[in-house]
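So that the names make sense, note that chain A is the first sequence line, chain B the second, and so on, each numbered from 1.
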Amino acid sequence: MTTERIIVVGNGMVGHKFIDTVINSDNAEKFEIVTFSEEPRLAYDRVKLSAYFSGSSVDDLMLTSEEHYQSAGVVYTLNDKVVEIDGDAKTVTTAAGKVEGYDKLVLATGSFPFVPPIPGKDQPHCLVYRTIEDLEEITASAQESKVGVVVGGGLLGLEAANALKNLGLETHVVEFAPRLMAVQLDEGGGDLLRRKIESLDVNVHTEKNTKNIGAGKKRRYVMEFTDGSELETDMIVFSAGIRPQDELARNNGIDIGERGGIVVDNFCRTSVEDVYAIGECALWDGKIFGLVAPGYHMAKVAYSHINGSSDQFTGADMSTKLKLLGVDVASIGDAHARTPGAQTYTYEDGVNEVYKRIIVSEDGKKLLGAVLVGDAEAYGTLQQMCVNDMALPDSPEQLILPASDGSAGASMGVDALPDTAQLCSCLDVTKGDIVDAVQGGCCSMGDIKDKTGASTGCGGCAALVKSVMDKELENLGVEVNNHLCEHFAYSRAELADIVRVKKIESFDALLDSHGQGGLGCEICKPAVGSILASFWNDYVLEDKHMGLQDTNDIYLGNMQKDGTYSIVPRVAGGEITPDKLIVLGQVAKEFNLYTKVTGGQRIDLFGAQLHELPTIWKQLVDAGFETGHAYGKSLRTVKSCVGSTWCRYGVQDSVGMAIALENRYKGVRSPHKIKFGVSGCTRECAEAQSKDFGIIATENGWNLYVCGNGGMRPRHADLFATDLDDETLVKYIDRVMMFYIRTADRLQRTSVWLENLEGGLDYLRDVVINDKLSIAQELEDNMTSNIGKYQCEWKTTIESPEKLKRFRHFINSEKQDENLAYVVERDQRRPANETERENQIPAVEVTV
Amino acid sequence: MTNQTINTSEASQWVDVCDINDLTPETGVCALVGEQQVAIFYSGKLDQLFAIDNYDPIGKANVLSRGIIGSIGERICVASPLYKQHFDLTTGECLEQAEHRIRAYPVNLAGNRVQVGIR
Ligand code: SRM
Ligand SMILES: Cc1cc2nc3c(=O)[nH]c(=O)nc-3n(C[C@H](O)[C@H](O)[C@H](O)COP(=O)(O)OP(=O)(O)OC[C@H]3O[C@@H](n4cnc5c(N)ncnc54)[C@H](O)[C@@H]3O)c2cc1C
Ligand code: SF4
Ligand code: FES
């Protein structure tokens, strides 16, 4: 059998994809492959290049290996560049002088970073960001630098900025255009991205045109801009766009576009017979595609043509979704609304820093494009609507508005997608492929990635792929894993049942009897610690429970950013005597604690060091204060309004009720924190309807509202029962709270719990009011027993010399943590930020 | 009780730190070793001591001794109390962000005394 010889010039991502397609095809044995790489290694994952800075090794990034090529019969030459093509003789010549003949020639030479022709650009520490060698140079340069500038505020520029920041440099981005990511984002999106990035301490300079790079005064270089301003820096990374690597084709008579790029047709053929071009070097329909997915598509098309089929390349979707410096950014389709007649809808939430815009067709029926910044959850849905030409809902704005029930507005049943919908554009995986994989036994994202490759490229499709997988698993009746963590194959609710029914009293006993080995972790330990406390309510710092307590609970205070703690005594119902207020003031003054009135109607004292906590609490306990459990997943505050005692509209004593409820439920550990509000009349000054339990006075008693939430996803509480007397009110609260404690997931607030409770509010009423499950008495008994064991944890702690040993910074020294640094602002001290720290002389000189 | 956790021969000098009874099983304490803040953990379940830097390079505070210890697969780790990244107690490696590797120290139990090795 005669074989056909294919030479692939360039072993980058796309060149490798082509080779991989050939060697995995049914006709593999018909072809002989020879490839040349200018780089010192075979293809690696350039898309994930930045991961090299966060610890990925070269091996992690490799897309193939020399052994693999050898065993597949691929002949490769590294570190050698093809410099000549003889289209008549059908040979290529390399820089090292090697000559090889071909039947078909595939150019996959990629692109190179564009460096603007600025005088001074060729000095040391002026670098680019494209290859592993570039990254090594950047790392080396960073070690001798304090300040770094990225020239170019596009997608790659921001990735480079992230890298510089992680390398510890003061980071600047200099952009020629008036905004960041000008190609993908509109003005609103670009502005918000800028604000977000600046808040991360990356300095952004737009509309700056660099005219010279000279010697700096304080730093290595000074960049001089045409507007007369200057910026001093130690190093520069140019990331001002890419240019197709078309030199080889250009010098050898192959047609090149006016502004560069090897001209190809729909079969990826160039102007010279039997020569193809694919990837970032190829110019199709006047366009260069700077993403890997279109390149992969070209690789398949070129092979199809060589192999005698007729697949065509007809353009590509350039939608992108990324996390840049931790900010979600997505751009879909016609993001700039360039289609004639296009209409736009914009949603801007200045508080949460979210910007969303959709572009729809003139007739309002089709989605043409979208821009999302700050919240890109809708990406999957919108991108699919766009590429599949799916019909828009009647009011398209719903796609970007947060839904009134709080769920993401644009969620589209994945059922609505056709099987042919391409979910993963990087690896060309369709919904049908995922469904097949699940039917073939895949049941985790790991399986799906191994089997279909989906989500192994840029990762932008992960959420959508997962929801298609989950939906299909559900269709097949497979239960989706709700395991708490790798140590327990049970949900929190199941573990709560086990602990309660089997009367298990320690983490170790539960791990031994129902765990999967190991030591446990920071997920299951606090969750089980909380369950144990909910049912048995032991002292949380007992030796056997101590190691289970999370950050705040283990020292009975909320840890602050510098490792110090805050102190929040309970002020039930927000009612406090002048004497107690004075004590708080005295203590705060004595220990120089930053003092603030909280949103929960009490007073927070910040900045206490570990060794100070017992002394402070001793004074507070002596003055009649108790712990406020601000650190616990437990009752926080019961907010009240002043009520009938003073207010001319009040119809019940809301303060009295608030204090009674707070004292009843204080210290009860629950899946998440619990808050109450009690208002004295329908004017609702205590904002009770935004709390887990809201109580509003009526002429005849109390209306009870349940499962409200403030915070990240506010939800109004639902009216549960009306005109209750005091006793019934407490009975119902006992039951709802204990039912929540038994059945909720870990860290699930009552709002989300109710939304996920099958049967919803009606079912909850059935259980609590009609005792449908015949557990009402049990729930009340659980609660009574828990409440009976209440103790002020701080009181118990300061009375135990054994426990107090832990409240010091060093076990073997009276010294204090030297890392703490403060400045005074508005007459109180606060932790110094990084710049302030650098300018401060350390409080204690290190003696040698 | 195992006498050593990592190769004790690495240590050129042992610094006496505290009594084993000062440590509550499954939790940590911070010790001053020379000028270095060292987080020492005692797992009763494994009957083993561990020592790593107390400084959390991500949260930028001296807090690691106050984190929860546990296992991730075969690795024994502490989760930082600030932002919950895991640090391997035997190697000091950060599981989430490998560029943040901290130091791990040899620890030894001599009678009831816990000792940390320095080079
Ligand atoms: C101190 C305080 C802010 C203030 O200066 O006013 C505060 C401070 C913190 N809040 Fe809050 N929240 C405070 C009132 C609130 C309120 C208002 C209220 O209670 O009326 C809310 C909205 C109401 C709600 O919870 O539904 C609130 C919603 C949150 C949330 C979001 C919860 C949610 O379901 O979305 C978190 C995050 C969490 O718990 O996961 C949070 C978490 C936190 C943490 C624990 C963050 C942390 O892990 O460090 C802060 C602890 C600070 C400390 O050291 O004390 N805080 N937090 C308020 C303390 C009230 C108190 O006296 O105990
Ligand atoms: C930091 C970074 C992040 C990125 N992120 C994304 C992303 O999130 N999503 C996305 O879709 N894309 C991303 N890209 C772009 C993506 O990497 C490219 O689209 C893709 O690598 C193009 O593949 P290619 O094979 O055409 O070119 P390349 O991968 O550049 O390969 C070309 C190879 O050919 C070699 N070569 C050139 N000329 C010759 C010659 N004459 N002889 C021999 N060898 C030669 C080159 O040295 C090179 O090794 C990113 C790129 C970078 C640099
Ligand atoms: S909103 Fe709450 S959690 Fe956020 S910074 Fe303010 S106090 Fe902290
Ligand atoms: S779309 Fe990039 S990995 Fe799937």
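- Contact of A:Leu167 with chain B is not made at all, since no heavy-atom distance falls under 4.5 Å.
- Comparing B:Lys60, B:Gln97, B:His100, B:Glu96 by how many heavy-atom pairs each has under 4.5 Å with chain A, the most go to B:Lys60.
- Looking at A:Ile523, there are no atoms closer than 4.5 Å to chain B (heavy atoms on both sides), in backbone or side chain.
- In this structure, chain B has heavy atoms under 4.5 Å from both the backbone and the side chain of A:Ile811.
- Atom CD1 in B:Ile72 sits 5.5 Å away from atom SG in A:Cys521 (nearest 0.5 Å).
- When all heavy atoms of B:Leu32 and A:Ser813 are compared, the closest pair comes out as CD2-OG, 3.9 Å.
- Interface residue A:Glu522: backbone and side-chain heavy atoms are both found under 4.5 Å from chain B.
- Annotation: side chain of A:Leu548 is not in contact with side chain of B:Glu26 (no heavy-atom distance under 4.5 Å).
- For the atom pair A:Lys525 NZ and B:Ile68 CD1, the distance stands at 7.0 Å (nearest 0.5 Å).
- Counting non-hydrogen atoms of neighbouring residues, nucleotides and ligands closer than 6.0 angstrom, the CD atom of B:Glu99 exceeds 12 such neighbours.
- Heavy-atom distances place the side chain of A:Glu834, and not its backbone, under 4.5 Å from chain B.
- For A:Phe53, the part lying near chain B is the backbone, with the side chain staying farther off; criterion is any non-hydrogen pair under 4.5 Å.
- Looking at B:Arg66 and A:Leu610, their side chains come closer than 4.5 Å, going by heavy atoms from C-beta outward.
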